[in-house]
Amino acid sequence: MTSPDHASPAPRGGLGVVQGTALYIASVLGTGLLVLPGLAAEAAGPASIVAVLAVIGLSVPLAGTFAVLAARYPDPGGVASYVRRALGGTAARMTGYWFMFGVCAGAPVVAVLGGEYVVAAAGIDRGMVPIIALAILVPPFAANAFGVRVAGWVQFVLTALLLAVVVGVVSLAAPAVEPQNFAPFLPSGWAGVGTAISLFVWAFAGWEVGTHISGEFRDPRRAIPIGTAIALVVTGVCYLVLQIITVGALGDSAGDGAVPLLELARLGSPGFGAAAVGAIAAIVALGVMNAYLAAFAKLGASLALNRDLPRWFSAGAESGAVPRRALALTGVVVLLYFSLMLWSGLELTPFILVHTSSMVAIYAVGMVAAVRLLRRGTAGWWMAVIAAVLCAGMLVLAIGSLLPAAALAAAAGAVTVVRRVRRARTPADLDAGEAKTADAGAGRTSALEAVAPRADVTAVD
């Protein structure tokens, strides 16, 4: 084995710091921007500002751990590849399935949310929501079909527009801030702050997305830490400033409406308000979809490379290549969820639960893997330990919605059982690659071995 510093350089993609940072910001800022300031203010009043500060602090070890792993192990398998190295093939398959088939349930939710806000802002019939949602889904798929580099530049434009609209809304509402709206500071006590924190935990999710496209960076060891740090600051400032303005300008009515940003914009410019909210909704939905699709496609190809999906989908797993087959598979999964959503009358809650339960499971297992992979006593290892403890707490909070994640884990376990039975009955029929994946002892093999030399995990810091 060779250390990361002496391994032959792997093929690299074309993402730089600017494009990568834009993808990180979009994956974290997300649709929570549209609703969470009002929900948090309703739960905790002015003390919701403390909740935002707390979650920014909690995000540092989680984001930092993923940045260390992504920079040292640029692999399209992302978290699943780290889990494969540390915990074996079955755990890696679970992690991959959670992301590919669980987190993917959030894609149509994002599109429908965007459609709902556009319809509300434009004052058109709600029957147009599915059509607008489909229109939101198409451009990110088209951009990613041309590769992550093209999607990265698209994301840069979308993120710039998003931040410009946020700055505009805040500027319009800032003169309406009243000091008396910050008292009493703890109307619901610290229990309300706890509720607000649990809301904002989901707002700051998304740091794992960069791990799947880490191999697309020209210089992952430089670009990923820089991009993560910038994204932490930008997303933290956006949520913090919006929370302060929401509480200070809207006061007790902050949580009354479903679209607090619309109310903020109307304070400064009633005519601009509806257009601003519609623009924000569309930009946020497009940006989030664009960031996540790149991760889904690369992960799908990586799973196929390890035979956790049919091998046909593995095309494009290598750095710089376009995984169009896996992207098409992602499209099928998204359309399936979207069809179920239409059948349910656009009921979003079940699909949000599938998404969030899968995210919690990924974070928890990913942090355990990080503790095992990173060198003990280093800054990265300590961040992983802290993040693992925090993720354990998140699992407790999400215990009531973990059934979808458990079902996907059972499916991954069933694949292992089938492989072992097949190997026991007809070992000669298995080719070398399938036998390697099926073997529990070789379960730590990552898709990285197919596209880059494997690094010595003991050398990671």
Side-chain angles (χ1 to χ4, degrees), residues 62 66 69 75-107 201-202 205 208-209 211-212 292 295-296 299-300 302-310 313 326 329-330 333-334 336-337 340 350-373 384 387-423 434 437-447:
L62 187 66
F66 279 133
L69 289 171
D75 188 315
V79 183
S81 70
Y82 315 142
V83 173
R84 189 179 303 276
R85 288 170 172 266
L87 303 175
T90 301
R93 192 177 307 113
M94 290 179 184
T95 306
Y97 287 1
W98 285 330
F99 197 85
M100 190 73 188
F101 303 111
V103 174
C104 199
V201 162
W202 305 121
E208 80 293 339
V209 171
T211 65
H212 298 283
Y292 269 89
F296 288 134
L299 172 64
S302 175
L303 288 172
L305 204 61
N306 284 286
R307 298 187 181 273
D308 294 328
L309 290 176
F313 292 107
L329 174 62
T330 302
V333 175
V334 170
L336 176 60
Y337 277 123
L340 292 173
F351 302 93
I352 292 174
L353 289 176
V354 172
H355 172 89
T356 55
S357 67
S358 299
M359 290 289 291
V360 173
I362 290 169
Y363 284 164
V365 175
M367 290 304 101
V368 172
V371 170
R372 297 193 63 181
L373 285 176
V389 173
L390 296 175
C391 288
M394 291 171 62
L395 274 176
V396 174
L397 291 175
I399 193 69
S401 60
L402 289 176
L403 182 59
L408 288 170
V415 171
T416 298
V417 171
V418 170
R419 285 181 174 175
R420 288 178 178 174
V421 170
R422 288 180 59 196
R423 183 178 59 179
E434 186 170 1
T437 305
D439 187 88
R444 301 184 184 199
T445 303
S446 167

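Values in this document were obtained by computation on a predicted structure and should not be read as measured data.
- Side-chain atoms of N306 and S302, non-hydrogen and from C-beta on, do get closer than 4.5 Å to each other.
- Looking at M367 and V371, their side chains never come closer than 4.5 Å, going by heavy atoms from C-beta outward.
- For the pair V360 and C391, the minimum side-chain heavy-atom distance is 4.5 Å or more.
- Residues forming a ring-ring contact (aromatic ring centres under 6.0 Å, His included) with F101 (at least two apart in sequence, or on another chain): Y97.
- L62 has its side chain out of reach of L390: every pair of non-hydrogen atoms, C-beta onward, lies at least 4.5 Å apart.
- Nearest heavy atom pair, residue F313 against residue L329, reads CE2-CB, 3.7 Å.
- Looking only at side-chain heavy atoms (C-beta outward), F351 and L340 come within less than 4.5 Å of each other.
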How far apart are the C-alpha atoms of Y363 and F66, what are their side-chain angles, what is the distance that settles it, and do they pass the ring pair (Phe, Tyr, Trp, His ring centres under 6.0 Å) test? CA-CA 10 Å; Y363 284 164; F66 279 133; 5.7 Å; yes
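- Nearest heavy-atom pair across A370 and L69 is CB-CD1, 3.7 Å.
- Without hydrogens or angle criteria, H355 side chain to A105 main chain gives no donor-acceptor distance under 3.5 Å.
- Contact record, T90 with G413: CG2-CA, 4.2 Å, taken as the closest heavy-atom pair.
- Between R93 and W98 the shortest side-chain heavy-atom distance does not fall below 4.5 Å.
- Minimum interatomic distance between A92 and A80 (heavy atoms only, all atoms of both residues): CB-O, 3.3 Å.
- Closest heavy-atom contact between V334 and C104: CG2-SG, 3.5 Å.
- Two residues are said to be in side-chain contact when any heavy atoms from C-beta on lie closer than 4.5 Å; R85 and L373 meet this criterion.
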